[in-house]
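Below, chains carry the letters A, B, ... as their sequence lines are ordered, and counting in each starts from 1.
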2 protein chains.
Amino acid sequence: MSPSHIALPEVGKPHTECCQATRQILDRVGDKWSLYLIATLAPGPRRFNELKRGIEGISQRMLTLTLRGLERDGLITRTLFPTIPPRVDYELTKLGHTLLKPTMALVEWAHENKLAIAEAQSHFDQQPTS
Amino acid sequence: MSPSHIALPEVGKPHTECCQATRQILDRVGDKWSLYLIATLAPGPRRFNELKRGIEGISQRMLTLTLRGLERDGLITRTLFPTIPPRVDYELTKLGHTLLKPTMALVEWAHENKLAIAEAQSHFDQQPTS
DNA sequence: CAGGATCCTTTCAGATACTG
DNA sequence: CAGTATCTGAAAGGATCCTG
């Protein structure tokens, strides 16, 4: 209910509500396959089996579920061509494209800092089990 | 024994590789509690029970695990004061602070588009089960 | 105070078989 | 081709008890 323009509150404030919207997005963007799909769809529309072949390792089930989730959030569209055999195109919506930008910012951050992170990890893992 | 490093099969697309490193980050940032912790730690160091009280709903177990993960990634530091009773301060590292910026971009995106998303969702949920 | 160890329930995700 | 339905093992996560 609070019309907060700041999504991440301070300690002590009931921030469950304002963070909830963000968590939804991050759950979506950060889940196992959504990012791959968004990236794969960035250049243009793709068909179901194109995606399945393009994203190796994804199961049919997870591809379907992830596509449904993205579609439900309005990030992609699903277009059915009632031909025989049927053809379905998936494509990023405008909303999906706007998500691309902040997502890529995070991608760049990850790329720029992955060495530092890997270093921190291996250093942490070498710590004696105190 | 098992392949400890993620070896995503070659797809022929360069973005696959960058997504793999990114997925690690997004897994971290997008998991259930990390964002709350990073946000809560943004203003300054906090103690264990401060965090526990400040982030309503988090269990002790998940707080500990999430803190360990963030520490392992070099995003926060853990400082033990060997007093009695003991005191532990958690604080964002420089790396952690740099993550704040791209994260906030995503947070803002989420905030700006949550209405559109909610709308898309309710519209999707009203679709006849065809 | 700041956790570690354990149990136990829920959820996730892969494999498989079937359909318009 | 583009899915749906079901089963099952794996993993996440909460609750609880115990410790330096």
Side-chain angles (χ1 to χ4, degrees), chain A residues 11 16 23-24 26-37 40-41 45-72 76-91 124 127-130, chain B residues 1-4 6-9 23-24 26-37 40-41 45-72 76-91 124 127-130:
Chain A
V11 178
T16 309
R23 281 244 17 257
Q24 255 187 70
L26 289 178
D27 275 357
R28 165 79 41 232
V29 175
D31 79 353
K32 195 171 175 82
W33 302 110
S34 290
L35 185 63
Y36 288 96
L37 277 174
T40 305
L41 288 174
R46 293 286 184 274
R47 300 179 58 174
F48 185 84
N49 275 342
E50 278 186 306
L51 294 170
K52 185 156 182 247
R53 280 188 300 268
I55 305 177
E56 218 154 328
I58 195 171
S59 65
Q60 190 185 53
R61 180 185 137 90
M62 287 318 291
L63 178 55
T64 300
L65 289 180
T66 307
L67 286 170
R68 288 290 171 280
L70 292 171
E71 188 193 357
R72 191 176 106 97
I76 64 174
T77 55
R78 178 181 182 272
T79 309
L80 167 68
F81 301 92
T83 57
I84 295 180
R87 171 203 178 112
V88 177
D89 273 15
Y90 291 94
E91 188 173 12
F124 182 92
Q127 297 287 332
T129 317
S130 55
Chain B
M1 324 184 186
S2 61
S4 55
I6 300 179
L8 275 173
R23 274 231 33 247
Q24 259 188 65
L26 290 178
D27 275 358
R28 165 81 36 233
V29 175
D31 80 351
K32 196 169 173 84
W33 302 110
S34 289
L35 183 64
Y36 288 97
L37 277 175
T40 305
L41 288 174
R46 293 286 184 275
R47 301 179 58 174
F48 185 84
N49 275 341
E50 278 185 306
L51 294 170
K52 184 154 183 255
R53 279 188 299 268
I55 303 176
E56 215 157 330
I58 194 171
S59 66
Q60 186 189 59
R61 181 186 138 91
M62 287 318 293
L63 178 55
T64 299
L65 289 179
T66 307
L67 286 170
R68 288 293 170 277
L70 292 171
E71 187 191 358
R72 191 176 107 96
I76 64 174
T77 55
R78 177 181 182 273
T79 308
L80 168 67
F81 301 93
T83 57
I84 296 181
R87 172 203 178 112
V88 176
D89 273 14
Y90 292 93
E91 188 173 13
F124 182 91
Q127 297 286 332
T129 318
S130 56

Practice task
Could you state the atom-to-atom distance from CE of A:M62 to P of D:dG3 in whole Å?
Solution key: 15 Å
Exercise for the section: Would you kindly compare A:S59 and A:P85 by the position of their nearest DNA chain C nucleotide and give the one closer to the 5′ end? Expected result: A:S59
Practice task
Would you kindly give the CZ-to-P distance between A:R68 and D:dA5, to the nearest whole Å?
Solution key: 11 Å
Handout entry: Backbone N/O of A:R28 and side chain of A:S34: donor-acceptor pair under 3.5 Å
Key = yes
Completion exercise
When rounded to the nearest 0.5 Å, the distance separating OG1 of A:T40 from CH2 of A:W33 is 10.5 Å
Exercise for the section: Would you mind reading off the distance between B:Q60 atom CD and C:dA2 atom P, rounded to a whole angstrom? Expected result: 10 Å
Problem - Closest-nucleotide ordering on DNA chain D, the 5'-leading residue of A:T64 and B:G57 - result: A:T64
Practice task
Might you work through the side chain to side chain donor-acceptor pair (under 3.5 Å) test for B:R46 and B:Y90, ending with a clear yes or no?
Solution key: CA-CA 5 Å; B:R46 293 286 184 275; B:Y90 292 93; over 6 Å; no
Handout entry: Separation of atom CZ in B:F48 from atom P in C:dA2, rounded to whole Å
Key = 7 Å
Problem - Step-by-step side-chain contact (heavy atoms from CB on, under 4.5 Å) determination, B:L67 to B:R78 - result: CA-CA 9 Å; B:L67 286 170; B:R78 177 181 182 273; over 6 Å; no
Problem - Any B:R61 side-chain N or O less than 4.0 Å from OP1/OP2 of C:dA5 - result: no
Practice task
Look at all strands and tell whether B:Y90 reaches a base, only sugar-phosphate, or nothing, counting heavy atoms closer than 4.0 Å.
Solution key: sugar-phosphate
Exercise for the section: Give the rounded distance in Å between these two atoms: CG of A:D27 and C1' of C:dT11. Expected result: 13 Å
Exercise for the section: Provide, to the nearest angstrom, the distance between the CG atom belonging to A:L65 and the C1' atom belonging to C:dA15. Expected result: 14 Å
Handout entry: Gap between atoms NZ and P, on A:K32 and C:dC12 respectively (whole Å)
Key = 14 Å
Practice task
Look at the side-chain N and O atoms of A:R47 and state whether any lies under 4.0 Å from the OP1 or OP2 oxygen of D:dC1.
Solution key: no
Exercise for the section: Kindly say whether A:R68 contributes a backbone atom to a donor-acceptor pair with the side chain of A:E71 at under 3.5 angstrom? Expected result: no
Handout entry: Of the listed nucleotides D:dG14, C:dG20, C:dG14, the one nearest the side chain of A:W33
Key = C:dG14
Exercise for the section: Find the distance B:K52:NZ to C:dA2:P and express it as a whole number of Å. Expected result: 11 Å
